[in-house]
Q: 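If you scroll down you'll find the structure; I have some questions about it.
To find a chain, count down the sequence lines: A is the first, B the second, and so on, and within it residues start at 1.
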Amino acid sequence: MKIKTPQPIRGTQDIFGEESLRFNHVVNKFDEIRKLYGFKRAEIPVFESTAVFARSLGETTDVVSKEMYSFPDRSGEQLTLRPEFTAGLTRAYLTSGWQQYSPCKIATHGPVFRYERPQKGRYRQFHQIDAEVIGAAEPEADVELLSLADQLLESLGIKQHVTLHLNTLGDSASREAWRAALIEYFQGHFDSLSQESQERLTRNPLRILDSKDPNDKIIAEKAPIIDDYLTEEAASFFKAVTTGLDAAGVAWMRDPRLVRGLDYYRHTAFEFITDQLGAQGTVLAGGRYDGLSEALGGNLTPAIGWAAGIERLAMLIDEPKEDAMNVAVIPLGEEAKNPAISILSKLRHAGISADMSWRGNMKRRMQKANSWGVRYAIILGDEELARNEATVRSMVTGEQQAIALDQIVDQILSELRNK
RNA sequence: GCGAUCGUAGCUCAAUUGGUUAGAGCGCCGGUUUGUGGUACCGGAGGUUGCGGGUUCAAUUCCCGUCGAUCGCCCCA
């Protein structure tokens, strides 16, 4: 009886070939830029106690109430695969002594999990790069974090496709006053709102502001904006952020209707949005979350962070070029196999990329060498071996010369340097 | 969770109004060349047409279900 191959789980992906090049290009650029800003690399678990996410993101948010992968482990403890990084990093800050490094500038990346309906640019296991500054109340932290994001997008060559939308949600006093005013305003237009927005009014009234329903949009345009409810401190904080961004040369656009889906956000909120990915236009987003630490039982710890979807960034960049192989080793016949392995090893230990086909006649192996884009082919046959030599063929010019086996590595090293 | 479109070799796609043995390009393996690539020519392997059921003399084609992908809503990165 034929065994059926198990199929991949809905919303997961296998990444290889060009996709993998793109994916890794994004990760590598992030690692490169993050060092320029003094952000330290951190690793945290893929799963946590469910409480880490349930308390911090807000029990009523969609992510917590219907999108988490939660399960009991063998001891009955309730665990959840991380749906984002911020809560786990904050938990680590509180439980692993990271407070001694405060303000803690952290970068990480890896898989995150959300049970959503998959689409292009939306997966159940997807990958984020993430940057956080934990333990800094200063607006300079906001500026630095946004500068990092901006420079990353620039170095990925997608800055021209992307706009930074910036808003403030105020401190908790501002936010509560604004929220109350919004509820009152939308209550007055309740019958004209879309059914979805009517539901949002009780669950997440700020979300009505970025509704896509055309009728909702008209109503939202006249809704009270946060500016009228900002405390003096909140207003001057936002001012410091925007003037700092101008000084750093980061282009931004005020979007008074920009809100965040998770409950922990305060003050600065932002999204880098592209028009090239359809409904999944948000490519990098975050904000300040001064209240999160207390929600996890810690002291008041001001913090700010962002996350970006690696898959979404990878779709926007130009196809990266992979470094071509330098050398192909081509043994002919049984006798040549081990000498070929020996040369291959010496080349690689000398820092020269080299590869060898394991099968096929000479023509096939030359074709393979050609497809690798190598500069040199080293041909090892009986005639060469008898003289302790190998034939080195330039794949560019077609010239061939016999070179003693013990001089091949040096010869190729010097020729590669001259290029 | 809701609505819509789609699903044919490893990949990208063909297959008249339902009609014989489901084709091509690329890739893979081999040959023209018993030791020479990027070109050309020849040959080969590889398919239960996503899966299950139904209508029909006959289904890749029509109907239902299911799984998956894509698009929009929702949500979000």
Side-chain angles (χ1 to χ4, degrees), chain A residues 2 4-5 7-13 16-18 26 57 61-68 83-86 109 111-130 149 162 194-197 199-200 203-204 207 210-213 216 259-262 270-274 277-286 305-316 328 330-333 336 357 359-385 390-400:
Chain A
K2 174 124 167 93
K4 271 200 193 123
T5 305
Q7 292 306 112
I9 301 301
R10 183 166 157 89
T12 63
Q13 1 163 35
F16 192 68
E18 185 193 331
V26 171
L57 309 194
T61 60
D62 279 16
V63 169
V64 170
S65 62
K66 48 191 190 197
E67 294 178 3
M68 292 204 307
E84 54 122 46
F85 278 105
T86 304
H109 91 273
V112 292
F113 305 84
R114 290 181 200 173
Y115 190 87
E116 294 187 276
R117 177 89 173 254
Q119 280 181 33
K120 194 184 191 70
R122 193 167 93 179
Y123 308 96
R124 289 185 172 178
Q125 174 177 336
F126 63 105
H127 301 79
Q128 290 185 331
I129 51 179
D130 184 278
V162 141
S194 68
Q195 196 191 329
E196 265 145 6
S197 286
E199 286 163 18
R200 277 191 277 237
R203 272 199 14 248
N204 204 346
R207 276 279 154 200
D210 59 7
S211 170
K212 283 173 191 160
D213 182 274
D216 288 354
V259 294
R260 306 268 61 224
L262 308 179
F270 53 87
E271 291 184 16
F272 286 83
I273 299 174
T274 177
L277 291 180
Q280 278 68 242
T282 299
V283 117
L284 184 155
W306 56 250
I310 297 176
E311 289 87 348
R312 290 185 187 176
L313 291 172
M315 284 189 280
L316 290 173
I330 299 179
L332 300 172
S357 297
R359 58 165 171 264
N361 59 20
M362 184 172 196
K363 180 189 165 100
R364 285 297 157 194
R365 293 185 197 224
M366 288 296 287
Q367 282 177 347
K368 212 60 174 171
N370 197 59
S371 73
W372 294 336
V374 300
R375 294 243 260 278
Y376 300 98
I378 297 177
I379 299 159
L380 275 171
D382 297 341
E383 297 160 26
E384 288 91 340
L385 281 174
T391 299
V392 176
R393 178 182 177 88
S394 163
M395 297 297 277
V396 182
T397 65
E399 285 166 23
Q400 299 192 168

Q: Using the C1' atoms only, state how far B:A22 lies from B:A15, rounded to an integer number of Å.
A: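 That atom pair is separated by 7 Å.
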Q: Verify the contact: side-chain N or O of A:R364 to OP1 or OP2 of B:U36, cut-off strictly under 4.0 Å; return yes or no.
A: no
Q: Between B:U60 and B:U49, how many Å separate the two P atoms, rounded to a whole number?
A: 7 Å
Q: Is there a donor-acceptor contact under 3.5 Å from the side chain of A:R114 to the main chain of A:E67?
A: no
Q: I need the CD-P distance between A:Q7 and B:G50, as an integer number of Å.
A: 13 Å
Q: Please round to the nearest 0.5 Å and tell me the distance separating atom CG of A:D130 and atom CH2 of A:W306.
A: 7.5 Å
Q: Taking the C1' atom in each of B:G27 and B:G18, what is the distance between them to the nearest angstrom?
A: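 Per the computed distance, 33 Å lies between those C1' atoms.
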Q: If you only use heavy atoms from C-beta on, which nucleotide in B:C74, B:G37, B:A77 is closest to the side chain of A:T282?
A: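 Within the option list, the nearest is B:A77.
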Q: What is the nucleic acid contact for A:Y123, judged by heavy atoms within less than 4.0 Å: base, sugar-phosphate only, or nothing?
A: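 A:Y123: base contact, heavy atoms under 4.0 Å.
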Q: If I take atom CG in residue A:D210 and atom P in nucleotide B:C73, what distance separates them, rounded to the nearest angstrom?
A: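 About 12 Å, once rounded to whole Å.
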Q: With both distances kept under 3.5 Å, what pairs with B:A24, Watson-Crick or G-U wobble?
A: B:U12
Q: Provide the distance between the two P atoms, one in B:C62 and one in B:A14, to the nearest whole Å.
A: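 It works out to 15 Å between them.
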Q: State whether a side-chain donor-acceptor pair under 3.5 Å links A:E399 with A:S394.
A: no
Q: Expressed in whole Å, how much space separates the C1' atoms belonging to B:C26 and B:G1?
A: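 To the nearest whole Å, 41 Å.
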Q: In whole Å, measure the gap between the P atoms of B:U70 and B:U8 for me.
A: 14 Å
